[in-house]
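Since this is a predicted model, take the numbers as computed values, not measurements.
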Number of protein chains: 2
Amino acid sequence: MNKKQLSSQQTKQKIAEAARTLFGQKGYASTSIEDIVSATQISKGNIYYHFKNKEGLFLYLLEEWTREWAEQFQSKKERYRTVKEKLIALVEHFVEDGFHHPLTRATNEFYATELITSPNQDKIEEMMQLYLRNYEELLDEGMQSGEFKQDDAHLLSIILEGMLAGIEFSTNQLELDEALRLYRKAIHVFLYGIAVY
Amino acid sequence: MNKKQLSSQQTKQKIAEAARTLFGQKGYASTSIEDIVSATQISKGNIYYHFKNKEGLFLYLLEEWTREWAEQFQSKKERYRTVKEKLIALVEHFVEDGFHHPLTRATNEFYATELITSPNQDKIEEMMQLYLRNYEELLDEGMQSGEFKQDDAHLLSIILEGMLAGIEFSTNQLELDEALRLYRKAIHVFLYGIAVY
DNA sequence: TTTATTTTAGAATGAACGTTCAGTATATAA
DNA sequence: TTATATACTGAACGTTCATTCTAAAATAAA
């Protein structure tokens, strides 16, 4: 990569960073390309040089985020022994580190609005599935090991994912420690609910 | 109410009905006032005669919905004996009758986008609280009666509400019976999670 | 019948915004 | 040095859309 390509990559990342922050602060629809221009001093044309359009820019951020999430998920998983511990650690990690992730709220909005029109439905759907598959795997593991009752792991993964995502919704006004308390309680209720006694 | 007032009320309801359907089908932002004009043959000016603006129209629908919800919640509550039964019945009822309520998705979108800018935050917040209070009351009742472990009912109400709302999200593609199965499983996991053994 | 009030119509307004495009600068390669 | 592909600029475009405004129609009141 020569000097030019390098600085080009840097501007692309600068755009991405500012966009992530702005989408997080103002939501998807309310963030204009002009806002990103103001925040970065990078011209509109340049933004469109690096990204197909607004939707493409957002999708780029989503994919970046999903990739990171998956990596962290894996490394967390390996650090704990029982599935219970793993799940608790995962929840704590993603509350601490990601609960106010810039994109969580904007993603809801994006998903709610763009799902109907976007030709990128598949891409979004795929990302959703990634989260579910990871949870499902863990739950399966817990059933194999005898930690959890035999049950429909797929269904439970939707419930878990739904629960975590849904709580996030009520979480906007909460401080980190309050949020942490809420999520801990939630995962414990869930674990009690599926545990073998 | 004379003839004129009556027909005026009728047009107002006609607008509300069409808006509810359209917001449900296309989401909040993607539904234009023009769409409502096309669907109803009622003029723009007339719509603005009956409603302050688009946001006001949507809020009107939300309030209508919340009112109905609260009524049905009450009447359901009285028909069952234990809190467990009440909660299960409630979930089933609102899945069957409301899970594809026209406004569920649009409300998510509206909430996600308008929360930041809208001066109606309070109104929305208030509606949210109504749901929570109702759940909290029930949970409290269950703790009093010894059905549930002593715990923080407020926290649990947020978790329950979050879980139900969050699952809805994954539910768009599901058939009613699949959705019902999912929600039943969810409420059972939750109940097991908080029950006294 | 006349006057006042409420209700309806729809063209006009104006701002917001995503996207395009013609052109310019810059670094790399020849 | 020159040619070329890459990176970048920002004004202009076109469209969408909520909202406003003027006027007309319909009904109620006097």
Roughly, in whole Å, what's the span from [atom1] in [X] to [atom2] in [N]?
X       : N      : atom1 : atom2 : result
B:Gln10 : C:dT8  : CD    : P     : 10 Å
A:His50 : C:dT19 : NE2   : P     : 17 Å
B:Leu6  : C:dT6  : CG    : P     : 17 Å
B:Tyr49 : C:dG10 : OH    : C1'   : 17 Å
B:Met1  : C:dT6  : CE    : C1'   : 14 Å
B:Glu34 : D:dA18 : CD    : C1'   : 11 Å
A:Leu57 : C:dT19 : CG    : P     : 10 Å
B:Phe51 : C:dT7  : CZ    : C1'   : 14 Å

What does the list of N/O pairs under 3.5 Å between the protein and nucleotides 20-27 of chain D look like, with a distance for each?
unit_1, atom_1, unit_2, atom_2, d
D:dA26, N3, B:Lys4, NZ, 3.2

Does [N] have its OP1 or OP2 closer than 4.0 Å to a side-chain nitrogen or oxygen of [X]?
X       : N     : value
A:Asn46 : D:dA7 : no
B:Ser8  : C:dT7 : yes
A:Thr11 : D:dC8 : yes

Nearest to the side chain of [X] - [options]?
X       : options               : value
A:Ile33 : D:dT9, C:dT8, C:dT19  : C:dT19
A:Lys54 : D:dT6, C:dT8, C:dT19  : C:dT19
B:Ser43 : C:dT8, D:dT19, D:dC8  : C:dT8
A:Ser32 : D:dT9, C:dG18, D:dA18 : C:dG18

Q: Test A:Tyr135 against every option in A:Leu164, A:Asp140, A:Ile158 by the side-chain contact (heavy atoms from CB on, under 4.5 Å) rule and name the one that passes.
A: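 Only match with A:Tyr135 under side-chain contact (heavy atoms from CB on, under 4.5 Å): A:Leu164.
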message: Do B:Ile159 and A:Tyr183 have side chains that approach each other closer than 4.5 Å (heavy atoms only, starting at C-beta)?
response: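 When only atoms from C-beta onward are counted, A:Tyr183 and B:Ile159 do not touch, as no gap falls below 4.5 Å.
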inquiry  = Can you confirm whether B:Thr107 sits close enough to B:Tyr28 that some side-chain heavy atom of one is under 4.5 Å from a side-chain heavy atom of the other?
reply    =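 Result no, sub-4.5 Å side-chain heavy-atom pair not found.
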Q) Looking at A:Leu22 and A:Thr31, what are the two nearest heavy atoms and their distance? A)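 For A:Leu22 and A:Thr31, the tightest heavy-atom pair comes out as O-OG1, 3.2 Å.
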Which atoms form the tightest heavy-atom contact between A:Glu147 and A:Lys84, and what is the distance?
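Nearest heavy atoms, A:Glu147 then A:Lys84: OE1-N, 3.1 Å.
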*asked:* For a salt bridge (Lys or Arg N to Asp or Glu O under 4.0 Å) check, start with the C-alpha distance between B:Lys185 and A:Asp152, then their side-chain angles and the critical distance, and finish with the verdict.
replied: CA-CA 9 Å; B:Lys185 174 71 71 188; A:Asp152 186 331; over 6 Å; no
Next item on the list: Determine, using the 4.5 Å side-chain heavy-atom cutoff (strictly less than), whether B:Leu176 and B:Leu174 are members of one ILVMFWY cluster.
Entry: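 Yes; tracing contacts between hydrophobic side chains, which count when under 4.5 Å, links both residues.
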